[in-house]
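Inspection log for the structure reproduced underneath, given as structure tokens.
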Amino acid sequence: MPELPEVETVRRGLEIAMAGHTLIKVQQRRPDLRRPFPPFFADRLTGRKIVALRRRAKYLTIDLDDGNVLLIHLGMSGRMLVGPISEAPFDKHDHVVFDTSNGQRVIFNDPRRFGVMDLFEAKDSHPLQHIGPEPLGEDFTAKALAARIKDKISPIKVVLLDQSVVAGIGNIYASEALFRAGIAPDRAACDIKKKEIEKLVPAVKQVLEEAIAAGGSSLKDHRQTNGELGYFQHSFKVYDREGLPCPDCRCKEGIRRMTQGGRSTFYCASKQR
DNA sequence: AAAGTTGCCTGCAAGC
DNA sequence: TGCTTGCAGGCAACTT
């Protein structure tokens, strides 16, 4: 599910429900997700006040009043759903349940279980150190991106998915940004010209901002915290549109699909060069 | 069958 | 030569 816009959408929903409130009850309903929960996970969270909810790349980081930080990754199919505390039965894939002092219940549901939850001390070295600049931040500039890709012989699409190059871009928005910038996804990153990088950086920022404004993209699993779908999938120009006409040109072939690094890439061979 | 992610494993190449 | 390091590519984790 979640790339930067989806995680940011979830962060905003959780902030409204949880910021400034105390976790009065935490239920861990299975021993592991993609990896085991840390020891005494629920006990260490119970009674803690939530100071701030932040996002780094595709991770949520929740600052607690004891100096610890709750780290959450939604994997492929993770959802965070907010509702009132109730007696309703849980779903099979409701793995973690947070009840707050303002009567809210936040349920982490993740059928594929590729998600992660962990706890670390804020004063320790941050476990997300290797991650590159936030694409919506001021330091993500054409110059900065150029410096990070100048030695990379991998295709630009694959490089955009590398979280150490730029944070938070996944399979959907990599294809969409390259389409907007008019760059062919299979070109070696080191061969992309300065002028083209100067188109790519604003294309990345623009597509991510538009997607956040739309509540993210719901292909299948993504939900906002109120359970509603995101709706940016209706604005895709290439993603999952193989065989459909290119929205920007009159080429005969339309949108094509290829596999790069084991994952689908969608593009227009005529517009993107 | 393929899916929005991550990180581990392997193999190879380069550098010392 | 042989060791280490770092890419780059493939795959596994799981359910629908």
Side-chain angles (χ1 to χ4, degrees), chain A residues 1-11 29-37 55-61 71-80 91-96 108-118 127-132 135 148-178 185-191 204 207-208 211-212 214-224 229-243 257-266:
Chain A
M1 170 214 358
E3 305 183 30
L4 186 154
E6 291 74 36
V7 179
E8 179 61 23
T9 298
V10 169
R11 190 199 68 77
R29 305 186 68 250
R30 54 169 297 125
D32 57 11
L33 297 170
R34 187 165 78 211
R35 51 181 207 235
F37 286 89
R55 179 192 56 73
R56 177 78 174 101
K58 303 171 193 171
Y59 291 86
L60 295 164
T61 61
L71 179 77
I72 299 176
H73 195 284
L74 301 175
M76 288 280 268
S77 59
R79 295 175 181 171
M80 297 288 266
D91 178 87
K92 177 166 63 154
H93 304 299
D94 288 345
H95 303 314
V96 184
F108 173 70
N109 179 288
D110 184 14
R112 291 181 72 180
R113 225 184 304 137
F114 288 2
V116 169
M117 287 208 192
D118 206 350
L128 273 27
Q129 285 291 352
H130 69 285
I131 291 178
R148 284 174 180 272
I149 69 177
K150 70 175 170 38
D151 296 326
K152 303 221 175 266
I153 59 174
S154 295
I156 184 65
K157 154 70 167 17
V158 173
V159 169
L160 286 178
L161 297 182
D162 181 343
Q163 300 298 295
S164 70
V165 171
V166 53
I169 298 176
N171 209 35
I172 293 174
Y173 300 106
S175 283
E176 291 293 320
L178 287 169
D186 55 351
R187 287 181 49 204
C190 56
D191 290 343
V204 166
V207 73
L208 296 176
I212 291 169
S217 301
S218 290
L219 270 60
K220 195 166 182 297
D221 296 312
H222 170 60
R223 290 286 130 79
Q224 306 191 49
L229 300 170
Y231 52 90
F232 191 72
Q233 65 278 12
H234 303 302
S235 301
F236 290 169
K237 293 178 187 280
V238 290
Y239 187 84
D240 205 17
R241 296 180 58 79
E242 183 179 15
R257 185 174 77 90
M258 69 175 155
T259 300
Q260 294 182 288
R263 320 195 52 196
S264 289
T265 301
F266 299 88

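Here the structure is a predicted model, which means the values were calculated and not measured. So that the names make sense, note that chain A is the first sequence line, chain B the second, and so on, each numbered from 1.
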>> Is the phosphate of B:dT5 approached by A:Lys58 (side-chain N or O, under 4.0 Å from OP1 or OP2)?
In response: yes
> Should stems be defined as at least three consecutive Watson-Crick or G-U pairs with both distances under 3.5 angstrom, which of them involve DNA chain C?
Replying inline: B:5-16 with C:2-13
> From B:dT6, B:dG4, C:dC14, pick the nucleotide closest to the side chain of A:His222?
Replying inline: B:dG4
>> Measuring only between side-chain heavy atoms, which start at C-beta, is A:His73 closer than 4.5 Å to A:Lys58?
In response: yes
>> Please report the distance, rounded to the nearest Å, between CD1 in A:Ile72 and C1' in B:dT6.
In response: 17 Å
>> Taking A:Arg35 first and then A:Asp118, would you say they form a salt bridge - that is, a charged N and a carboxylate O separated by under 4.0 Å?
In response: yes
>> Given the structure, check if the side chain of A:Arg113 and the base of C:dC14 hold any donor-acceptor pair shorter than 3.5 Å.
In response: no
> Given the rule in the side-chain contact (heavy atoms from CB on, under 4.5 Å) test, do A:Tyr173 and A:Leu4 qualify, once you have shown the distances and angles that lead to the verdict?
Replying inline: CA-CA 9 Å; A:Tyr173 300 106; A:Leu4 186 154; over 6 Å; no
> Quick one: is C:dT15 close enough that its OP1 or OP2 comes under 4.0 Å of any side-chain N or O from A:His93?
Replying inline: no
> How many Å lie between CD1 on A:Ile172 and P on B:dA3, as a whole number?
Replying inline: 11 Å
> With sugar-phosphate meaning primed atoms plus P, OP1 and OP2, does A:Gly170 contact a base, only sugar-phosphate, or nothing at under 4.0 Å between heavy atoms?
Replying inline: sugar-phosphate
> Between A:Gln260 and A:Pro155, is there a donor-acceptor pair closer than 3.5 Å when you use the side chain of the first and the backbone of the second?
Replying inline: no
> Roughly, in whole Å, what's the span from CZ in A:Arg34 to P in C:dC14?
Replying inline: 12 Å
> Between A:Arg112 and A:Asp110, is the closest basic N to carboxylate O distance under 4.0 Å?
Replying inline: no
> Heavy atoms, side chains only, cut-off 4.5 Å: are A:Asp221 and A:Leu219 in contact?
Replying inline: no
> A:Arg257 CZ to B:dG4 P: how many Å, rounded?
Replying inline: 10 Å
> Does B:dA3 have OP1 or OP2 sitting under 4.0 Å from an N or O in the side chain of A:Ser264?
Replying inline: yes
> Hey, are the side chains of A:Val165 and A:Lys152 touching, using non-hydrogen atoms and a 4.5 Å cut-off?
Replying inline: yes
> Is any side-chain N or O of A:Arg263 closer than 4.0 Å to OP1 or OP2 of B:dG4?
Replying inline: yes
> Looking at B:dG7, B:dT5, C:dT16, which one has an atom nearest to any side-chain atom of A:Tyr59?
Replying inline: B:dG7
>> Between A:His222 and A:Arg79, is there a side-chain heavy-atom distance shorter than 4.5 Å?
In response: no
> Could you give the CG-to-P distance, from A:Asp32 to C:dA12, as a whole number of Å?
Replying inline: 19 Å
> Which nucleotide sits closest to the side chain of A:Phe114: B:dG4, C:dA13, B:dG7?
Replying inline: C:dA13
> Over how many whole Å does the gap from A:Gln233 atom CD to B:dA3 atom P extend?
Replying inline: 17 Å
> In whole Å, what separates the C1' atom of B:dG4 from that of C:dA8?
Replying inline: 23 Å
> Distance from A:Glu3 atom CD to A:Leu161 atom CG, nearest 0.5 Å?
Replying inline: 8.0 Å
> Separation of A:His130 atom NE2 from C:dC7 atom C1', in whole Å?
Replying inline: 15 Å
> Of the residues in residues 153-164 of chain A, which ones touch DNA chain C at a heavy-atom distance under 4.0 Å?
Replying inline: A:Ile153, A:Ser154
> Over how many whole Å does the gap from A:Glu242 atom CD to B:dA1 atom C1' extend?
Replying inline: 14 Å
> Side chains of A:Ser264 and A:Arg257: is there a donor and an acceptor less than 3.5 Å apart?
Replying inline: yes
